[in-house]
Amino acid sequence: MTPSNREQSSSGDPGSDPQPTRGKLSRRSMLGGFAAAGVGATAVPFLAACDKSGGDGPPGYGTGIDDGFDGKIELDVRDSKADWKPFELKKAPEGAPNVLVVLFDDTGLASWSPYGGRINMPTLQRLADNGLTYTQWHTAALCSPTRSTMLTGRNHHVNRFASITEGATGFPGAAARLPAQCATVAQVLQDNGFSTFWVGKEHNVPQEDVAPGGSRSEWPTQKGFDRFYGFLGGETNNWYPDLVEDNRFIDPPATPEQGYHLSKDLADHAIRMLRDSRATNPSKPWYMWFCPGANHAPHHSPTEYADKYKGQFDDGYEAYREWVLKRMVDKGIMPKGTALTPINPLPKDVALDADAVRPWDSLNPDEKRLFSRMAEVFAGFSEYTDAQVGRIVDFLEQSGQLDNTVIMYCADNGASGEGSPNGSVNENKFFNGYPDDLAENIQYIDTLGSPATYNHYPTGWATAFSTPFQMFKRYSQFSGGTCDPLIIHWPRGIKAKGQIRHQYHHSTDIVPTIFDVTGVQMPEEYRGVKQYPLNGVSMRYTFDDAGAATTKKRQYYAMLGTRGIWQDGWKASALHAPISDKGHFDQDKWELFHVDEDRSESKNLADQYPDKLKELIGVWNDEAKDNYVLPLDDRGAAELLAVERPQTEPPRNRYVYYPDASPVPEAVAVNIRGKSYKILASVDLAPDAQGVIFAHGSRFGGHTLFIKDGVLHYIYNFLGIKPEQDFVSSAPLTPGKHTLGMEFTREGAGQYGESLGTTTLYVDGRPVNKGAMRAQIGMFSLAGDGLCVGYDSGDSVTMQYRPPGTFTGGTIENVTIDVGKESYTDLEKEAAAALERN
């Protein structure tokens with residue numbers, strides 16, 4: 001779609017009110033401006049007398065601050081005539097609807113009840129019964145990239161989001177900063193008289209900017225949103241979230257013991273924003289993006305919601321696939337004759353062990369019980385969050401806004417396979433390349449979904465919830481990664497009720513649809529910058545014409561080394577696993593599917609139609625060049641997340657931190673991963689000193705230096721695996737000034753790349769304990785849990801102290817952390833991957 005022109009203000013900022021030019025005004029420009037406005041001859045001597053500045057005005061001045069002014073200016077205001085038109089803010093088109101976009105995470109097409117799934121979604125079902133259900137709406141297969149397309153209407157590489165923000169690399173399509181040529185839907189709507197709100201997950205702020213002192217240039221309130229309440233990272237602990245309000249970090253308003261859950265908190269704030277808007281500006285339309293933490297891991301569910309599903313997944317994920325496909329066909333979601341794809345469809349030389357599905361009949365009774373409960377908790381998490389969305393919808397109805405509010409309820413990628421074949425009680429293991437242990441996981445079966453776990457179901461359920469397609473999230477070449485739920489509800493604008501739409505569309509099409517229904521146009525220039533054309537097309541033509549031909553012509557896919565192309569009902573898919581670290585993309589084998597006749601992509605037609613396959617591969621190559629897709633990157637998760645990126649602060653080997661400060665986010669905190677390091681704290685202890693001196697991370701991965709019962713502890717919590725690695729001083733600490741600390745000397749790597757070495761605990765330079773230790777090579781989490789001095793924010797590293805474990809009985813002067821100059825990576829792997837050293 002080619003963007004249309006929109007009237008520009010004199011300031012060059014579309015829709016903004018003109019601002020006075022700063023500096024001295026020349027006699028010529030002042031007199032010229034006022035003369036044009038109709039100042040009488042008697043006023044000229046007065047103006048000339050007032051102009052004592054002499055000389056010319058600032059560079060570029062001369063158009064006058066009164067452009068468009070049609071009033072009359074005389075010496076006396078009583079003889080003058082005002083004209084407010086040039087100074088009024090632009091109003092939204094008459095009758096423009098409100099827009100509410102609800103974007104869930106990690107949800108396959110076969111999850112939810114409107115699509116035939118077993119997870120009951122009463123609010124979504126209510127909207128589906130009175131709106132439209134889309135069956136071929138696609139995404140980018142990963143959260144940050146998809147969200148970028150829904151921010152701008154451009155392809156994710158054009159937005160510089162080849163991957164998640166934590167996986168940014170120094171290439172045009174992967175830098176994780178929106179270019180000025182891609183203004184957001186919120187910026188355009190805001191300039192056209194809409195209120196704009198973003199609630200929940202963000203995940204489009206560059207990792208190095210997620211910091212109290214970091215740049216705010218990519219934060220929501222700088223991207224066109226009047227208000228923001230939520231979290232900036234890819235995920236967060238739903239019981240102990242890392243929250244931001246507008247432009248500042250805040251603490252959660254309550255604890256789990258007080259009934260706190262993030263989904264409810266987000267709905268509370270969404271309703272409050274809408275209530276405030278309604279109270280002061282009831283005629284002003286609004287746009288709200290509501291992005292809950294669900295259904296991304298950790299799958300945190302109130303127990304009563306998880307218990308609703310007891311026994312409902314005991315038949316296993318393969319039986320679920322057969323059951324749900326029949327329901328999808330009966331509902332008209334899938335055409336008759338749709339075939340089920342294999343649970344492990346990829347050839348052995350392509351497939352990843354971490355993404356494999358263990359057949360249900362190969363599991364022992366304990367494994368079946370554990371896996372079933374993981375699905376129950378996920379279902380409870382989803383339904384509980386849907387109930388919170390229902391509270392927003394109820395408010396819209398009670399306040400008379402529902403009829404003219406366009407609601408788009410959807411998900412950003414397929415079901416997540418990041419729980420490994422065995423499921424996980426700590427998803428952080430996936431990001432550290434460390435396998436789950438079933439013996440450990442089974443111990444947590446009764447606490448799944450609670451604050452005690454950071455749980456994620458096994459890959460079998462990812463496959464089941466992505467029925468009938470191949471694979472799941474991250475696999476952009478298959479619909480299991482990209483085909484997601486989308487339901488649109490707009491009573492005033494959509495006559496059809498409870499109908500299904502099969503037109504092929506993509507997440508890039510959301511923004512053009514919003515512009516279409518609101519009557520707002522995307523400007524060709526925004527703030528003086530020529531804009532990239534929208535890659536998406538409006539879906540409005542489908543609202544009242546079920547049989548309308550798809551207006552989308554082609555859509556490329558590329559994610560973490562995977563790639564595919566859809567054009568005119570045909571799909572070509574490269575056989576390559578994401579984050580597989582295999583490279584050799586030129587050797588990839590491609591498959592061909594006629595999606596119009598084979599919705600599940602089950603029949604490979606590459607041998608029958610080699611010319612069609614060749615044509616589509618050529619189309620993908622063209623799209624890759626046009627959209628900044630190259631180079632392809634399939635490096636492993638831990639490796640990709642560890643890539644060094646530009647920082648506002650110069651690199652150093654010594655970091656000093658102080659008490660009474662906000663948590664330091666991991667992206668800008670000292671990096672000890674894969675290194676030897678020292679922690680030294682200067683303290684002055686009273687006889688009753690106790691509490692946290694230093695902490696970073698959480699019970700699911702982190703380390704902490706603290707005093708308890710008079711003795712010094714250093715605990716390194718390795719991926720939440722018990723027992724904790726606890727180093728304790730041999731004698732009680734004495735009152736007075738001390739230097740307390742520890743040193744880890746890295747000596748090698750373990751089976752999964754984890755650091756192995758020796759830790760020594762020190763009091764005043766004297767060793768008081770020593771022993772073997774292992775440390776993570778990946779981040780402590782994607783959820784935040786920043787570095788703290790004098791307390792432990794959020795979910796604490798250890799249960800040996802009660803959060804926040806505030807230090808009392810003395811003072812902490814500072815904590816210094818020294819890191820080695822070398823990053824002790826595997827040299828052979830480093831050479832193969834051409835990674836830079838620290």
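Residue numbers count from 1 along this sequence.
- Pro578 is not listed as a side-chain neighbour of Met559, based on a closest heavy-atom distance of 4.5 Å or more.
- Between Arg654 and Asp818, at least one side-chain nitrogen of the basic residue sits less than 4.0 Å from a carboxylate oxygen of the acidic one, meeting the salt-bridge criterion.
- Looking at Ile721 and Asp437, their side chains never come closer than 4.5 Å, going by heavy atoms from C-beta outward.
- A side-chain donor-acceptor contact under 3.5 Å links Asn441 to the backbone of Gly423.
- Residues meeting the side-chain contact (heavy atoms from CB on, under 4.5 Å) test with Asp688, sequence neighbours left out: Ala686.
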Under the side chain to side chain contact (heavy atoms under 4.5 Å, CB included) rule, what do Ile707 and Val683 come out as? Steps first, then yes or no, please.
CA-CA 11 Å; Ile707 298 173; Val683 300; 5.9 Å; no
Inset, instruction - Take Val819 and Asn671 through the test side chain to side chain contact (heavy atoms under 4.5 Å, CB included) and record every step on the way to the result. - result: CA-CA 8 Å; Val819 291; Asn671 176 6; over 6 Å; no
(Q) Between Ile442 and Arg369, is the side chain to side chain contact (heavy atoms under 4.5 Å, CB included) condition met? List the steps. (A) CA-CA 9 Å; Ile442 195 70; Arg369 188 163 59 94; 4.2 Å; yes
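- For the pair Ile679/His703, a side-chain contact is recorded, criterion being any heavy-atom separation below 4.5 Å from C-beta on.
- Using a distance-only test at 3.5 Å, with no hydrogens or angles considered, a donor-acceptor pair links the side chain of Lys201 to the main chain of Gly234.
- Remark: side-chain polar atoms of Asn204 are not paired, donor with acceptor, to backbone N or O of Glu218 under 3.5 angstrom.
- At most 12 heavy atoms of other shown residues, nucleotides or ligands fall within 6.0 angstrom of atom NZ in Lys678.
- Ring orientation note: the planes of His300 and Trp239 are tilted relative to one another, at an angle of 30° to 60°.
- Remark: Phe718 engages Tyr434 in a ring-ring contact (aromatic ring centres under 6.0 Å, His included) (not counting sequence neighbours).
- In this structure, Glu747 and Leu756 have side chains that are not in contact, with every pair of non-hydrogen atoms separated by 4.5 Å or more.
- Salt bridge status for Asp764 with Arg766: absent, with no side-chain N to carboxylate O gap under 4.0 Å.
- In this structure, the ring of Phe249 has its center less than 6.0 angstrom from the ring center of Trp219.
- A donor-acceptor pair under 3.5 Å links the side-chain atoms of Thr704 to the main chain of Phe694, judged by distance alone.
- Environment of CZ in Arg802: sparse, with no more than 12 heavy atoms of neighbouring residues, nucleotides or ligands closer than 6.0 Å.
- Residues Pro659 and Val789 are in side-chain contact: their nearest non-hydrogen atoms beyond the backbone lie under 4.5 Å apart.
- Between Glu376 and His299, the side chains place no donor N or O within less than 3.5 Å of an acceptor N or O (distance only, hydrogens not considered).
- A 6.0 Å sphere centred on CG of Asn247 holds more than 12 heavy atoms belonging to other residues, nucleotides or ligands.
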Given salt bridge (charged side-chain N to carboxylate O under 4.0 Å, His left out), test Lys582 with Asp634 step by step and report yes or no. CA-CA 7 Å; Lys582 292 183 178 180; Asp634 68 351; over 6 Å; no
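- Few gaps surround CG on Asn364; more than 12 heavy atoms of other groups in view lie less than 6.0 Å from it.
- Below 30°, between 30° and 60°, or above 60°: for Phe744 and Tyr677 the angle between ring planes is between 30° and 60°, a tilted geometry.
- Ring pair Phe700/Tyr454 is tilted by interplanar angle, where 30° to 60° counts as tilted.
- Side-chain atoms of Trp461 come within 3.5 Å of backbone N or O of Phe371 as a donor-acceptor pair.
- Between Thr453 and Val377, the closest side-chain pair of non-hydrogen atoms is not below 4.5 Å.
- Taking the six-membered ring for Trp and thresholds of 30 and 60 degrees, Tyr657 and Tyr655 have nearly parallel ring planes, at less than 30 degrees apart.
- Judged by distance alone, the side chain of Asn769 and the main-chain N or O of Leu761 form no donor-acceptor pair under 3.5 Å.
- Side-chain contact, Tyr801 with Asp792: a donor N or O sits under 3.5 Å from an acceptor N or O.
- In summary, the side chains of Tyr752 and Asn432 do not present any donor paired with an acceptor at a separation below 3.5 Å, with no hydrogens or angles considered.
- Within the 4.5 Å cutoff, the side chain of Pro253 has heavy atoms near those of the Asp265 side chain.
- Between Glu418 and Arg474 a salt bridge is recorded (basic side-chain N to carboxylate O distance below 4.0 Å).
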Check: Where do Thr798 and Phe706 land on the side chain to side chain contact (heavy atoms under 4.5 Å, CB included) test, with the steps shown first?
Finding: CA-CA 10 Å; Thr798 176; Phe706 64 99; 4.1 Å; yes
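- Side chain to side chain, Ser144 and His203 meet the donor-acceptor criterion of an N or O pair below 3.5 Å.
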*Where do Arg699 and Asn426 land on the side-chain hydrogen bond (donor to acceptor under 3.5 Å, both in side chains) test, with the steps shown first?*
CA-CA 10 Å; Arg699 78 175 87 186; Asn426 181 6; over 6 Å; no
